[in-house]
Amino acid sequence: MPHPQEDAAAEAAETPPASGFASLGLSEPILKALEEKGYLNPTPIQEQAIPTVLMGRDVLGCAQTGTGKTASFTLPMLDILSGSRARARMPRSLILEPTRELALQVAENFVQYGKHLKLNHALLIGGESMGEQRDVLTRGVDVLIATPGRLIDIFERGGLLLSDVRVLVIDEADRMLDMGFIPDIERIVSLLPTMRQTLFFSATMAPEIRRLADAFLSNPKQITVSRPATVATTITEGLSLVATHDKREALRRLIRTEDVQNALVFCNRKRDVDILCKSLTRHKFSAGMLHGDMPQSARFATLERFKAGEIRLLVCSDVAARGIDIGGLSHVFNFDVPHHAEDYVHRIGRTGRAGMQGRALTLATPADRAAVDAIELLIGHPIPRLAVDGLDPVEWEEAESRGRRRGGKPAAKAAPPAKKAPKPAARAETPPAAEEQPAPRRSREPGNRRGGREDAGPREPVVGFGDDIPAFMQIRRRARPAAGPDTDGQDGKDQNEDTEIAA
DNA sequence: AAAAAAT
């Protein structure tokens with residue numbers, strides 16, 4: 001099988017740049033908008049998806065933000081929709097997004113690429129007044145971009161008819177699953193005509209996701225792109241063990257030491273986002289905050305200011321952990337160690353994009369030991385320890401002192417010999433954990449897993465993290481043949497070969 | 001144990 005991205009490279013070499021998009025069959029007004037934005041050549045997913053969508057075929061896309069995924073469906077949709085006009089309350093296409101910020105990003109895309117077309121869009125998201133959104137619907141929209149809750153709400157109030165929707169996009173399906181939106185999605189899809197085109201995107205293809213795809217799609221073209229073809233992402237990580245009362249001080253020291261252009265600072269709790277942001281501001285750092293309890297207007301405003309460079313540090317909850325595409329972040333700080341190891345990967349994936357160097361630094365307290373173990377187990381390597389000078393030395397909590405939670409035999413805990421943590425003063429110290437890594441992989445039993453998620457093998461999700469997967473994980477994935485008996489074969493046959501191309 | 005999304 002030829003690798004799609006090799007094709008892409010070959011083609012890019014042969015064709016003059018300006019015709020990159022034109023050769024995909026897009027119409028003049030869209031090509032013009034692309035040219036004005038300075039986009040000449042399609043990314044691999046665009047190259048594969050655009051002709052397919054124009055053909056009217058369903059798409060099952062395994063890709064993440066940053067691969068050019070959004071344009072891979074917005075561009076051909078604009079083309080398809082430009083032929084005719086929308087009727088009142090009967091949108092002709094529907095795009096479902098898991099968070100408001102992502103919905104907004106997609107809407108911005110439509111405005112940019114559709115500037116030479118006369119198409120309307122409506123953005124249906126919570127947190128803003130419903131009146132205006134309903135007015136727009138009444139005038140007739142071609143493209144409806146929505147988060148599920150608000151869409152259903154408006155539908156139930158009779159402000160919307162979905163019987164004319166010809167194109168449906170389900171974006172970030174895996175995240176929809178995480179957030180419990182799947183029943184809503186199923187409900188919405190049941191309201192749509194069966195004769196329609198469906199484009200379905202997900203960063204992973206866990207069995208539950210695949211089940212949905214099977215239910216929603218008919219004879220889809222499967223497209224898998226793990227990351228932008230061009231450049232290798234470079235994220236260097238670091239982890240500092242500090243006392244709880246030193247965390248804010250440690251963060252300030254790190255920020256001062258590092259060459260921070262702009263950074264996300266993740267906290268686990270919304271109230272800590274608030275506290276930390278105020279603290280940083282008090283210490284004269286340029287900081288703003290973003291979490292889901294803020295008024296929508298403030299969420300958007302802060303994000304815009306951050307993107308515009310007016311704020312240097314954005315303190316945030318996991319609302320910003322995935323999908324959000326902010327160019328050129330120099331750093332990601334984990335002020336708190338995320339509880340889910342997967343979230344670590346998503347968070348640090350916000351930096352090091354588009355080939356830039358990115359630094360991902362995590363502050364851990366002695367109580368975070370288990371969480372750090374879990375992360376290092378998932379990413380397959382220890383996070384290099386980084387000392388913060390001038391703070392009280394601390395050591396990891398003894399493993400025994402923390403109740404080993406739930407199921408499974410306590411003895412099966414990863415890395416039983418669990419040596420004491422690296423001394424705080426140590427520089428970039430990796431060996432101890434390195435020895436512990438390979439062994440513990442299978443220490444967990446199926447019943448041990450968190451409820452709700454039905455992924456196959458415990459650590460399978462490495463495959464298909466899309467461009468969010470840091471370089472080191474790609475290396476590991478290639479070397480993964482031992483993934484073993486318990487993976488229950490969920491990673492599709494057709495998926496692996498595509499996935500390999502990236503590394 | 002927490003965050004997201006509907007009010």
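In what follows, every chain begins at residue 1, and chains take the letters A, B, ... in the order their sequences are listed.
Side-chain contact check for A:Val319 versus A:Glu101: some heavy-atom pair is nearer than 4.5 Å. The closest side-chain heavy-atom distance from A:Phe200 to A:Pro220 is not below 4.5 Å.
For B:dA3, the OP1/OP2 oxygens have no side-chain nitrogen or oxygen of A:Arg175 closer than 4.0 Å. Remark: A:Arg100 is in phosphate contact with B:dA6, judged by side-chain N or O atoms under 4.0 Å from OP1 or OP2. Here A:Thr147 does not reach the OP1 or OP2 of B:dA4: none of its side-chain N or O atoms lies under 4.0 Å away. For A:Arg150 and B:dA6, the shortest distance from a side-chain N or O to OP1 or OP2 is not below 4.0 Å.
Between the CG atom of A:Asp318 and the C1' atom of B:dA3 there is a distance of 6 Å, rounded to whole Å. Spacing between atom CG of A:Asp368 and atom P of B:dA2 amounts to 14 Å, rounded to whole angstrom units. What separates CZ of A:Phe335 from C1' of B:dA3 is a distance of 18 Å, to the nearest Å. If you measure from atom CZ of A:Arg187 to atom C1' of B:dA5, you get 15 Å, rounded to the nearest angstrom. Straight-line distance from the CG atom of A:Asp184 to the P atom of B:dA6: 9 Å, rounded to whole Å. One atom, CG of A:Leu151, and another, P of B:dA6, lie 10 Å apart when rounded to the nearest Å. The CD1-C1' distance, from A:Ile125 to B:dA6, rounds to 12 Å in whole Å.
Between the side chains of A:Glu108 and A:Tyr113, no donor-acceptor pair is found at a separation under 3.5 Å. In summary, the side chains of A:Arg347 and A:Asn334 do present a donor paired with an acceptor at a separation below 3.5 Å, with no hydrogens or angles considered. Using modelled atom types and a 3.5 Å distance limit, the side chains of A:Arg299 and A:Ser297 yield no donor-acceptor pair.
Side-chain to base pairing of A:His339 with B:dA2: no donor and acceptor N or O lie closer than 3.5 Å to each other.
Of the residues in residues 292-299 of chain A, those placing a heavy atom less than 4.0 Å from an atom of DNA chain B are A:Gly292, A:Arg299, in numerical order.
The existence of a salt bridge linking A:Glu172 and A:Lys69 is confirmed by a sub-4.0 Å separation between a basic side-chain nitrogen and an acidic carboxylate oxygen. A salt bridge links A:Arg92 with A:Asp142: the distance from a Lys NZ or Arg NE/NH1/NH2 to an Asp or Glu carboxylate oxygen falls below 4.0 Å.
Among the atoms of the strands shown, none is found under 4.0 Å from any heavy atom of A:Pro338. Residue-level contact check: A:Gly180 touches neither bases nor backbone, having no heavy atom under 4.0 Å from any strand.
Comparing B:dA5, B:dA6, B:dA3 by their closest approach to the side chain of A:Asp153 singles out B:dA6.
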